[in-house]
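A, B, ... follow the sequence lines: proteins, then strands. Residue 1 opens every chain.
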Amino acid sequence: MKPSVPKGTRDFLPAEVIKRNFIFKTIRETFVKYGYQPIETPVMENLSTLTGKYGEEGDRLLFKVLNNGDFLSKANEKALAEKDSNGVLASISKRGLRYDLTVPFARFVVMHQNDIAFPFKRYAIQPVWRADRPQKGRYQEFYQCDVDVVGSESLMYEAELVQIYDEVFAKLNLKSVIKINNRKVLYGMAEAAGVADKFVEMTTAIDKLDKVGIEGVRKEMRERDIDDAAISKIEKMLEITGLAELKAAFTETETGRKGIAELEEFHAYFDTKQPTNKVVFDITLARGLNYYTGCIFEVAADKEAYPDLVMGSIGGGGRYDDLTGIFGMKGVSGVGVSFGAARIFDVMEEMNLFPAETGETLQILLIALDDEAHKYAFRQLNALRAAGINADLYPEAAKMKKMMKYANARNVPFTAIIGSEEMKTGKLAFKNMETGEQEKLGTGEIMERLKGYRKSNL
RNA sequence: GUAGUUGUAGCUCAGUUGGUUAGAGCGCCUGGUUGUGGUCCAGGAGGUCGCCGGUUCGAUUCCGGUCUUCUACCCCA
């Protein structure tokens with residue numbers, strides 16, 4: 001049988017895992033610095049927790065887990081006979097794989113509300129699953145790195161989360177653009193144009209502006225029964241780049257003015273520190289997830305810095321006023337953002353942004369030339385490891401060529417060759433694999449040389 | 001979910017208007033070189049031509065189905 005992995009999933013080679021861990025480590029350290037604590041939730045959730053939280057499209061993309069045992073005997077027979085997949089689903093599947101980390105978090109907060117202190121700041125770095133058609137930068141299994149805070153309406157947190165975005169991407173040396181908008185501003189636009197009832201249709205249309213142009217947006221809004229008068233009003237508002245201008249257009253919409261006030265409040269906090277990356281107000285930013293209610297964020301790699309790169313958003317998030325409400329806990333507001341680790345990885349790989357030392361973790365490989373030397377080498381190996389050096393010993397006294405080839409394959413920066421001569425003097429043949437230079441050094445001297453050199457425990 | 005696309009050696013890819021032993025480069029193994037890898041030279045191993053079925057004297061090649069890859073739509077990280 002030919003081995004394979006399911007569609008949209010993949011294996012990771014050591015070098016890839018090390019690189020990915022470099023991303024995780026950078027993100028995690030930043031989260032912790034800003035006062036967030038780790039939690040974990042199961043990969044499976046009850047389907048009742050997940051369904052209906054991501055819109056109709058999201059429900060379709062949920063992975064369902066078949067019930068154990070003789071599931072068909074308990075299936076809804078009528079639905080089964082009619083081949084009604086949706087009807088039969090509830091009777092044969094009660095669990096599903098998590099689609100994101102935010103909804104399970106909301107469930108977590110409600111269940112553990114008496115065990116946690118509000119505002120509760122948590123982070124989670126775990127895989128999620130979506131039954132989407134795979135494409136570039138789109139997988140069925142991928143990691144999300146989420147930070148959220150629930151139990152406070154302070155716009156301080158919006159500012160803090162954008163600072164986290166800025167800091168992480170600065171540390172990763174990935175030039176990015178952080179786009180900001182507010183759902184209330186979008187609602188205000190719909191209200192000002194007199195199509196508040198077409199709010200969702202309007203936002204999904206204008207979200208595509210940079211992709212399909214103003215003509216495409218106009219076309220889509222027409223197809224979704226938004227009249228021409230409203231469309232021209234919306235178009236005018238889309239040209240606005242400053243909040244002050246927008247305010248003038250929002251005299252008739254209280255929600256819209258509230259949205260602007262929130263953005264101004266955000267800036268009052270955020271503008272106290274100069275960001276490294278671009279942070280811009282983008283009135284066309286909409287985001288599909290329909291639980292957002294206030295500020296929304298999206299991050300993309302900077303097209304000016306990487307003109308050849310084609311990649312969707314590498315992060316997103318926003319404020320959700322009542323996510324816990326559906327689980328029976330009213331009036332708890334939350335805000336959070338997510339990092340798409342797989343896409344960040346792809347961008348960094350494509351643009352060559354990983355530091356050179358994130359490839360291999362081994363610092364030195366010992367090579368013994370005969371059985372006696374091999375035992376001696378193992379003692380030196382113990383000493384090196386005790387000193388905290390990532391060291392290994394070739395498992396037998398094989399041909400020099402074979403052992404050196406292995407050293408090359410491991411991409412190890414140094415080797416130490418040990419034969420009868422070295423055993424006599426206690427000085428090992430310490431070799432730099434890049435330059436080929438070789439010198440006689442005692443184990444203690446080798447420890448000094450290697451301390452901190454390309455030291456990585458990822 | 002809709003439409004298209006891809007699959008041949010470990011990797012990247014040729015090729016076959018249906019016909020006997022399916023090729024290249026890189027990689028791998030052995031030797032040249034008994035304590036020195038990356039270069040060079042010589043030799044070698046490695047293929048159910050994605051899978052299942054159909055047409056045919058004969059299918060890797062044609063047809064159907066299926067899985068997979070990549071892409072557009074949808075949606076999204």
Side-chain angles (χ1 to χ4, degrees), chain A residues 1-10 13 23 27 54-62 85-86 98-102 125-146 165 176 200 203-205 207-208 211-212 216 220 285-290 297-301 310-317 336-347 365 367-370 373 394 397-423 428-438 440:
Chain A
M1 102 158 224
K2 193 178 174 178
S4 62
V5 296
K7 173 165 62 176
T9 67
R10 56 214 169 124
L13 290 164
I23 295 173
I27 289 173
Y54 309 105
E56 202 179 318
E57 179 74 6
D59 285 351
R60 197 166 60 73
L61 299 180
L62 280 175
S85 299
N86 284 330
R98 71 163 101 81
Y99 178 91
D100 71 359
L101 301 176
T102 307
I125 298 176
Q126 295 192 274
V128 301
W129 292 267
R130 294 181 189 180
D132 209 350
R133 287 282 170 91
Q135 267 178 54
K136 186 182 177 68
R138 176 181 295 193
Y139 306 97
Q140 295 202 338
E141 177 186 59
F142 59 97
Y143 272 83
Q144 284 195 330
C145 313
D146 271 36
Y165 264 146
S176 64
V200 174
T203 51
T204 50
D207 195 32
K208 293 170 194 156
K211 206 170 188 180
V212 299
E220 174 149 352
L285 174 64
R287 293 191 61 73
L289 267 47
N290 48 25
F297 315 105
E298 192 161 291
V299 189
V310 181
M311 182 63 73
S313 63
I314 54 178
V337 298
S338 178
F339 291 78
R343 286 188 176 177
I344 292 170
F345 180 98
D346 289 349
V347 171
L365 179 73
I367 283 173
L369 298 175
D370 57 53
Y394 195 84
K399 282 193 179 163
M400 177 72 95
K401 181 164 178 162
K402 189 170 182 168
M403 297 191 285
M404 292 301 265
K405 277 194 109 140
Y406 179 72
N408 277 344
R410 289 295 306 264
N411 198 24
V412 64
F414 297 101
T415 53
I417 299 155
I418 302 166
S420 52
E421 178 70 24
E422 285 76 12
M423 283 168 68
L428 313 186
F430 180 74
K431 176 164 181 158
N432 181 324
M433 292 300 285
E434 229 165 279
T435 63
E437 281 167 35
Q438 203 166 309
K440 300 266 181 189

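Regarding contacts with the backbone of B/U36, every side-chain N or O of A/K405 stays at 4.0 angstrom or more from both OP1 and OP2. Regarding contacts with the backbone of B/U68, a side-chain N or O of A/K7 is found under 4.0 angstrom from either OP1 or OP2. Contact annotation: A/K399 side-chain N/O to B/G31 OP1/OP2 distance is under 4.0 Å. Contact annotation: A/K208 side-chain N/O to B/C75 OP1/OP2 distance is under 4.0 Å.
B/U39 sits 7 Å from B/G27 when the P atoms are compared, rounded to a whole Å. B/C73 sits 35 Å from B/G15 when the C1' atoms are compared, rounded to a whole Å. Taking atom P on both nucleotides, B/C28 is separated from B/C11 by 14 Å, rounded to a whole Å. Only the P atoms considered, B/G44 is 31 Å distant from B/U61, to the nearest whole Å. If you take atom C1' in B/G50 and the same atom in B/U6, they sit 11 Å apart, rounded to whole Å. Only the C1' atoms considered, B/C49 is 10 Å distant from B/G7, to the nearest whole Å. Taking atom C1' on both nucleotides, B/G25 is separated from B/U68 by 26 Å, rounded to a whole Å. Nucleotides B/G1 and B/C67 place their P atoms 10 Å apart, quoted to the nearest Å.
With hydrogens and angles ignored, no donor-acceptor pair under 3.5 angstrom links the side chain of A/R60 to the base of B/C75. Donor-acceptor pairing under 3.5 Å, judged by distance alone, is present between the side chain of A/R343 and the base of B/C76. At a cut-off of 3.5 angstrom, counting only N and O atoms as typed in the model, there is a donor on one side and an acceptor on the other between the side-chain of A/E422 and the base of B/G35. Counting distance only, with no hydrogens placed and no angle test, the side-chain atoms of A/R130 and the base atoms of B/A77 include a donor-acceptor pair under 3.5 Å.
Put simply, CG on A/N411 is 18 Å from P on B/G37, counting in whole angstrom units. When rounded to the nearest whole Å, the span between CG of A/D370 and P of B/U34 equals 16 Å. One interatomic measurement links the two molecules: CD1 of A/I23 to C1' of B/A77, which rounds to 13 Å at whole-angstrom precision. B/U36 atom C1' lies 15 Å from atom CZ of A/F430, rounded to whole Å. What separates CG of A/D59 from C1' of B/C75 is a distance of 13 Å, to the nearest Å. One interatomic measurement links the two molecules: CZ of A/R410 to C1' of B/G37, which rounds to 15 Å at whole-angstrom precision. One interatomic measurement links the two molecules: CD of A/Q140 to P of B/C75, which rounds to 19 Å at whole-angstrom precision. If you take CD of A/Q144 and C1' of B/A77, they are 6 Å apart, rounded to a whole angstrom.
Looking at the side chain of A/K431, the nearest of the listed nucleotides B/C74, B/U36, B/C70 is B/U36. With B/A77, B/G35, B/U69 as the choices, the nucleotide that has an atom nearest any side-chain atom of A/F142 turns out to be B/A77. Nearest nucleotide to the A/Q135 side chain, out of B/C74, B/G31, B/U36: B/C74. Closest to the side chain of A/K401, from the set B/G37, B/U36, B/C70, is B/G37. For A/K136, taking side-chain heavy atoms from C-beta onward, the closest of the listed nucleotides B/C70, B/G37, B/C75 is B/C70.
Nearest heavy atoms, A/R10 versus A/A342: NH2-CB, 3.6 Å. Summarising the geometry of A/Q140 relative to A/P134, their closest heavy-atom pair is NE2-CD, 4.3 Å, with the distance given to 0.1 Å. The minimum heavy-atom distance linking A/T203 with A/A286 is given by the pair O-CB, 3.4 Å. Heavy atoms only, all atoms of each residue included: A/M403 and A/A368 are closest at CE-O, 3.4 Å. When every heavy atom of A/M423 is checked against every heavy atom of A/I418, the shortest pair comes out as CG-CG2, 4.3 Å. The heavy-atom pair separating A/Y139 from A/G8 by the smallest distance is CB-O, 3.5 Å.
No engagement by A/M403 is indicated, since no non-hydrogen atom pair under 4.0 Å with the nucleic acid exists. In this structure, A/I314 reaches the sugar-phosphate backbone alone: every heavy-atom distance under 4.0 Å involves primed, P, OP1 or OP2 atoms, never a base. At a threshold of 4.0 angstrom between heavy atoms, the contacts of A/S338 with the nucleic acid are absent. Base engagement by A/G436 is indicated by at least one non-hydrogen atom pair under 4.0 Å involving a base atom. Among the heavy atoms of the strands, none lies under 4.0 Å from A/G55. Across all strands shown, A/T415 has no heavy atoms under 4.0 Å from either base or sugar-phosphate atoms. Heavy atoms of A/Y143 sit nowhere under 4.0 angstrom from any nucleic acid atom. Among the atoms of the strands shown, only primed sugar atoms or phosphate atoms (P, OP1, OP2) are found under 4.0 Å from some heavy atom of A/G315. No engagement by A/G317 is indicated, since no non-hydrogen atom pair under 4.0 Å with the nucleic acid exists.
Paired runs in RNA chain B that reach 3 or more consecutive Watson-Crick or G-U pairs, where each pair keeps both distances under 3.5 Å, cover B:1-4 with B:70-73, B:10-13 with B:23-26, B:28-32 with B:40-44, B:50-54 with B:62-66.
If you find the closest nucleotide of RNA chain B to A/E220 and to A/P6, the one lying nearer the 5' end belongs to A/P6. Residues A/L61 and A/G419 both approach RNA chain B. Their nearest nucleotides, taken by heavy-atom distance, put A/G419 toward the 5′ side.
Annotation: side chain of A/I417 is in contact with side chain of A/M400 (closest heavy-atom distance under 4.5 Å).
We find the CD1-CG distance between A/I367 and A/L428 to be 12.0 Å, quoted to the nearest 0.5 Å. One finds the CG atom of A/L61 at 11.0 Å from the OH atom of A/Y54 (value rounded to the nearest 0.5 Å).
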Given A/R410 and A/M433, is the side chain to side chain contact (heavy atoms under 4.5 Å, CB included) satisfied, shown in steps? CA-CA 11 Å; A/R410 289 295 306 264; A/M433 292 300 285; over 6 Å; no

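Under a 3.5 Å cut-off, the side chain of A/Q126 and the backbone N or O of A/Y143 do not form any donor-acceptor pair. Judged by distance alone, the side chain of A/R343 and the main-chain N or O of A/I314 form no donor-acceptor pair under 3.5 Å.
Between the side chains of A/S420 and A/D370, no donor-acceptor pair is found at a separation under 3.5 Å.
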At under 4.0 Å between heavy atoms, which parts of nucleotides 2-13 of chain B does protein reach? Answer with one letter per nucleotide, 5' to 3': B base, S sugar-phosphate only, - none. BB----------

